[in-house]
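Read through the structure below, which is laid out as structure tokens, and then see the notes.
Only this structure's heavy atoms are used, side chains among them; waters, hydrogens and symmetry mates stay out. Convention: sequence-line order gives letters A, B, ...; per-chain numbering from 1.
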Amino acid sequence: MGFSTLIDILGAAIIGGMVLLSVRALMLNSSEKSNQFQNELIAQQNLVSIVELIEHDFARIGYCENTDSIEAPEDMIVYADSTKISFKTDFAQGFQNIRGDGTKDILTYEFGPTITSTPNPYDRLLYRYAKGETKNGSNLGLTEFRLNYFDNLGNELLHPIDTKLISYIQIDLKVEDSYGYDTGNDEKVHSEKYPTIFWRQIRVAAKNMSR
Amino acid sequence: MGGKAALLLVLGFSSILLIIGLNFNSVSGSAADNSGKYFELVTAKEIARTGINLAASNIAKNPGWQPDGNPYSFSGEENLIISVKDTGDVKTITAIGEYKGITKLIEVKVRAASFSEFAYFSDEEAPTGEEIWWTKKDSVWGPFHTNDVLRVSKHPYFNGPSTSHGGSLIYQSDAAADEPVIVGDYNPGLTISLPIDGVSGLSTKASGTGGYVFSGHPEVFLEFAGDSLKYKFNAADAYTTVLGSDLSTSGIIYVENGNLRLQGTVKGKWSVGTNKSVYLDDDIVYNDVPDFTDKNDPSNDLLGILSKENVYVTNNAENSSDINIHASIYVENGGFQAEDYKTRPVSGYINLVGGVTQKTRQGVGTFNSSSGNIESGFAKNYRYDSRLQRMVPPYFPSTSTFRILSWLE
């Protein structure tokens, strides 16, 4: 083995090492991005689940299968503030039968307390419960649930909200990944650790309130 | 040997990158699927809403309309099915929208609307050449509509469930000083035509089976007395008393070419009217007075008063200190007013439980614009009878529109 062979081996080792380092960096980046995308996907799926549920429930504000029992529009919402709303509705009898049973129910949405069991310091429970039932909350990574109310002339209602004057509701939602990625990295800001999705529904007007 | 190693190396890296790429593709695909699914659901819902709007529009033009194009096409696909079912006086419109395999059902119940549902309706808000403002002293409880402009001053209160007007909303100075408080549904720019055959419709019904028509008398005095009815044709005469159901089983009484003078205690459902004017000579109230705030109050007493010309609160001794009126009033060419309201003495309150539909808004009194005190005639105390949202007097003109009772989706 001559000198030139030694040089060849050293060169090959250096080039091989550089290639391996590149591969390692590629793998690390890929892994990080993969996790980030996965977490964004989870947040997005959670958001869609919440939005579908909220749109379904809010579209039924004031609905009752027994039309004689339907309240006047101004009496359909019984409580409202920036993080909680209670309204009259008539629950679907099942997944296949969306009609109510003709009995008025009261449904409440309420932004709950911060969850301490997840790395994300801001995620909170969202309660959705019927009157008389236990508060059951779900953790879907909700970090913002804000309700703004407007009267018939488009003026935003001030707190405390006079529920009789509500004509439109604006809903703001923010969902973050509860577990995040690389959460111990102090160089990253919160939004880099916890993928965030924002949704705003402007001017929800329940059809039963517009009769 | 070196060539084979290089080939293996390239293949190995390619495999790793391929797996990473597939993983990314999978995540991206799931994200797209997720938002796509939401989009498809929303689109299916919008197609169903389109079907409801299509049916409602056609039913407004032709109440007997039935869908004849099922399945309807939306964006080139046959993905909308509409059905209309009549159950009594309620129509149930169902629309099923379908998009990319996702179906969405919307069901709406509607009912023909009657003018009796209004707490207040006017075609014109003031006699020609005059302006009448709704002020901070005014509040309307119940459905409100005018085809005219709505003039407001210092935050009048309209307590729904629906408020609408055909002309513009006019502030005496500006929105900050005058903007009204409107509770419930609000529809500016809506016109509901007042019919020209509403009173003649009552005449036709009264001439039919079960109705009764007084004719050949310039005045008919009619007093409700529980189960009985009293009538006479001159003030000085004695009343003739009959059982109400003997005179009219349908509860419809019409005076042909004569004024109707009315008072008494109403039991059951009645509609009375004339192609001349109606004078309210004294209280006309229900036997079983309902809780007017309760839509489902069990009282079965209900009165419709219809006039072609005007409905007056008579200027007489009986009405010199308040008058109580329980009725839904309809005036086709004139308005509801107090007789001699500008010159009669201060007479207390008009305590109305029911509603007023009129061609032209008229006066019941005058007040001092500085103090707000009544100077002649009556102050108003109008309360809406919530039962009018579900009950209609035996005959009352229809608005030719439909009211949404419930919306399910």
At what distance, to the nearest 0.5 angstrom, does CD of A:Q45 lie from OG of B:S30? 6.5 Å
A:Q38 versus B:N23: any side-chain heavy-atom pair under 4.5 Å? yes
If the condition is side-chain contact (heavy atoms from CB on, under 4.5 Å), which residues does A:Y79 pass it with, not counting sequence neighbours? A:D81, A:K84, A:S86
Side chain, backbone, both or neither of B:V181 within contact of chain A (heavy atoms, under 4.5 Å): side chain
Yes or no on salt bridge (Lys or Arg N to Asp or Glu O under 4.0 Å) for B:K295 and A:E71, after CA distance, side-chain angles and deciding distance? CA-CA 9 Å; B:K295 184 174 75 169; A:E71 303 278 351; over 6 Å; no
Is the number of heavy atoms from other residues, nucleotides or ligands under 6.0 Å of B:K85 NZ greater than 12? no
Atom pair CG (B:L405) and OH (A:Y63), whose distance is rounded to the nearest 0.5 Å: 12.0 Å
Would you say that more than 12 heavy atoms from the other residues, nucleotides or ligands in this model lie under 6.0 Å from the CZ of A:F150, or not? yes
If I take atom NE2 from residue A:H56 and atom NZ from residue B:K45, how far apart are they, to the nearest 0.5 angstrom? 9.0 Å
Given heavy-atom pairs under 4.5 angstrom as the criterion, report whether the side chain, backbone, both or neither of B:L41 touches chain A. side chain
Check whether any side-chain N or O of A:N152 sits under 3.5 Å from a backbone N or O of B:V183 as a donor-acceptor pair, and report yes or no. no
Would you compute the distance between atom CG of A:L153 and atom CG of B:L169 and round it to the nearest 0.5 angstrom? 7.0 Å
Name the region of B:P143, side chain, backbone, both or neither, that has any atom closer than 4.5 Å to a heavy atom of chain A. neither
B:P161 side chain near A:E74 side chain, heavy-atom distance below 4.5 Å: yes
Of the backbone (N, CA, C, O) and the side chain (C-beta and beyond), which part of A:E40 lies under 4.5 Å from a heavy atom of chain B, both, or neither? neither
Donor-acceptor under 3.5 Å (B:K109 side chain, A:E65 main chain): yes
Side-chain heavy atoms of B:D185 within contact of A:M209, under 4.5 Å: no
Nearest 0.5 Å, please: how far is NZ in A:K164 from CD1 in B:I182? 16.0 Å
Largest heavy-atom contact set with chain B, pairs under 4.5 Å, which of A:D90, A:L165, A:I98: A:I98
Check: A:Q44/B:Y38 side-chain N/O donor and acceptor closer than 3.5 Å: no
Show which side-chain atoms of residues 21-31 of chain A pair as donor or acceptor with protein atoms under 3.5 Å away, not counting sequence neighbours.
{"from": "A:S22", "atom 1": "OG", "to": "A:M18", "atom 2": "O", "distance (Å)": "2.9"}
{"from": "A:N29", "atom 1": "ND2", "to": "A:A25", "atom 2": "O", "distance (Å)": "3.4"}
{"from": "A:S30", "atom 1": "OG", "to": "A:L26", "atom 2": "O", "distance (Å)": "2.6"}

Electrostatic pair A:R60:B:E409 at N-O distance under 4.0 angstrom: no
Can you tell me which of A:V19, A:D75, A:N155 forms the most heavy-atom pairs within a distance under 4.5 Å of chain B? A:N155
